[in-house]
Amino acid sequence: MSVLMSRRRIERVPWWVYVLLAVAVLIAVFPLYWMFVVASNDSATAYKMPPRIVPGENLFHLADLVFSTVPFVRSLVNSAVVAVSIGVGQGLLCALAGFAFAKLRFPGRNTLFLIVVLTMTVPTQLAVIPQYMIMSKLGWVDTLQALIVPGLASAFGIFWMRQHIASTVSDELLQAARIDGANSWQIFWQIAFPLVRPAAFVLGLLGFVTAWNDFLWPFIILKSPDMYTAQIAIKALQNSRVVDLGLAMAGSFLATIPLLILFAFVGRRLVTGIMDGAFKG
């Protein structure tokens, strides 16, 4: 019976919906494909009229040039260390803060949460100067911890996890755990966090991608080539006077491959976690 109902629902979808979806997919995928086309040809491909849309045979040569021009492997490792640290940190710390705001009672809770939410209205660029001053005082300039520590928690992550915990974890369940003698940490780690683990995974993945693609703050705080992340290494490929688009696109494509592999493995879990939060509450 359920199979018949699902088939009827599929049959009710008009044809133009599929056309719109196909157009949306093409628009989303074309920049990646164009990056691959330029990376596999040369800079002149980007300026040809009509443009060439067929990949060439120059990708391996440009990739070898990327690795010989900058320490690109080291940069990828640095990006991985920073992105994984931030992803794991946001998944855990934001869940912990969200649990405190959602289920614990303490003076000033609503005011503190309002302040956290209001910080999302402040542009991140305004924090660059004071953040750099703090890192300079700590002696963290040109170190990876200057990238990791400020990104371990975020206002959006705390808000995200607070909403998920408030709608997913029932107060009766927590009261029963307290009656059994569990403390706040045990309640969070053994009861609340397992229930919202899909949401924490989605938040961690978003934090990973954001940290991997970040350019402004690493460009300001990192000085030596050995500390470069992938995005800064791509910038280092460009000459001050001439921009080799083929070389830059090759570096960009190489930096995108880890993200494509990641989404190939966890894409379904990402969609499941987002939809799980969309249908609750």
What's the shortest heavy-atom distance between [X] and [Y], and which atoms?
{"X": "Gln90", "Y": "Ser154", "result": "OE1-OG, 3.6 Å"}
{"X": "Ala155", "Y": "Thr119", "result": "CB-OG1, 3.2 Å"}
{"X": "Val66", "Y": "Ala250", "result": "CG2-CB, 4.1 Å"}
{"X": "Ser40", "Y": "Pro55", "result": "OG-CA, 3.4 Å"}
{"X": "Gly251", "Y": "Phe72", "result": "O-CZ, 3.4 Å"}
{"X": "Ala199", "Y": "Trp160", "result": "O-NE1, 3.2 Å"}

Please determine whether residues [X] and [Y] belong to a single hydrophobic cluster, defined as Ile, Leu, Val, Met, Phe, Trp and Tyr linked transitively by side-chain heavy-atom distances below 4.5 Å.
{"X": "Val117", "Y": "Leu206", "value": "yes"}
{"X": "Ile86", "Y": "Val81", "value": "yes"}
{"X": "Phe101", "Y": "Leu114", "value": "no"}
{"X": "Ile261", "Y": "Leu59", "value": "yes"}
{"X": "Trp212", "Y": "Tyr228", "value": "no"}

Practice item. Carefully, step by step, assess Leu195 and Leu173 under the rule side chain to side chain contact (heavy atoms under 4.5 Å, CB included). Key: CA-CA 12 Å; Leu195 292 175; Leu173 182 62; 4.0 Å; yes
Contact between [X] and [Y] at the side-chain level, heavy atoms closer than 4.5 Å - yes or no?
{"X": "Leu138", "Y": "Ile134", "answer": "yes"}
{"X": "Ser184", "Y": "Arg178", "answer": "yes"}
{"X": "Leu32", "Y": "Leu260", "answer": "yes"}
{"X": "Tyr132", "Y": "Trp217", "answer": "yes"}
{"X": "Ile220", "Y": "Leu216", "answer": "yes"}
{"X": "Pro150", "Y": "Met135", "answer": "yes"}
{"X": "Trp189", "Y": "Leu92", "answer": "yes"}
{"X": "Thr229", "Y": "Ser75", "answer": "no"}

Exercise for review: Check the pair Cys94 / Leu203 against side chain to side chain contact (heavy atoms under 4.5 Å, CB included), numbers first and verdict last.
Suggested key: CA-CA 9 Å; Cys94 292; Leu203 177 63; 3.6 Å; yes
N/O donor-acceptor pair under 3.5 Å between [X] side chain and [Y] backbone:
{"X": "Ser79", "Y": "Ala230", "value": "yes"}
{"X": "Thr168", "Y": "Ile165", "value": "no"}
{"X": "Asn41", "Y": "Val37", "value": "yes"}
{"X": "Gln190", "Y": "Ile187", "value": "no"}
{"X": "Thr143", "Y": "Trp140", "value": "yes"}
{"X": "Asn213", "Y": "Val209", "value": "yes"}
{"X": "Arg109", "Y": "Leu104", "value": "yes"}

Going from [atom1] on [X] to [atom2] on [Y], what distance comes out if it is rounded to the nearest 0.5 angstrom?
{"X": "Leu247", "Y": "Thr69", "atom1": "CG", "atom2": "OG1", "value": "5.5 Å"}
{"X": "Asp180", "Y": "Gln186", "atom1": "CG", "atom2": "CD", "value": "10.5 Å"}
{"X": "Ile257", "Y": "Leu262", "atom1": "CD1", "atom2": "CG", "value": "13.5 Å"}
{"X": "Lys103", "Y": "Arg162", "atom1": "NZ", "atom2": "CZ", "value": "9.0 Å"}
{"X": "Leu147", "Y": "Met227", "atom1": "CG", "atom2": "CE", "value": "10.0 Å"}
{"X": "Leu144", "Y": "Leu222", "atom1": "CG", "atom2": "CG", "value": "7.0 Å"}

Count the heavy atoms belonging to other residues, nucleotides or ligands that lie under 6.0 Å from [atom1] of [X], then report whether that count exceeds 12.
{"X": "Ile129", "atom1": "CD1", "value": "no"}
{"X": "Phe60", "atom1": "CZ", "value": "no"}
{"X": "Phe215", "atom1": "CZ", "value": "yes"}

Practice item. Mind telling me whether Phe113 and Phe159 have parallel, tilted or perpendicular rings, with 30° and 60° as the class edges? Key: parallel
**Study point:** Trp185 vs Phe188, ring pair (Phe, Tyr, Trp, His ring centres under 6.0 Å): CA-CA, chis, key distance, verdict
**Key:** CA-CA 5 Å; Trp185 171 254; Phe188 166 76; 5.8 Å; yes
Exercise for review: Dump the intermediate steps for side chain to side chain contact (heavy atoms under 4.5 Å, CB included) on Ile148 and Ser85, then the final yes or no.
Suggested key: CA-CA 7 Å; Ile148 295 172; Ser85 300; 3.7 Å; yes
Point to revise | Working for side chain to side chain contact (heavy atoms under 4.5 Å, CB included), residues Met161 and Phe99 | key: CA-CA 7 Å; Met161 294 308 304; Phe99 174 77; over 6 Å; no
Practice item. Please check if any side-chain donor atom of Asp142 sits under 3.5 Å from a side-chain acceptor atom of Ser224, or the reverse. Key: yes
Study note, to complete from the structure: Of Tyr33, Trp34, Phe36, the one forming a ring pair (Phe, Tyr, Trp, His ring centres under 6.0 Å) with Phe253 is Phe36
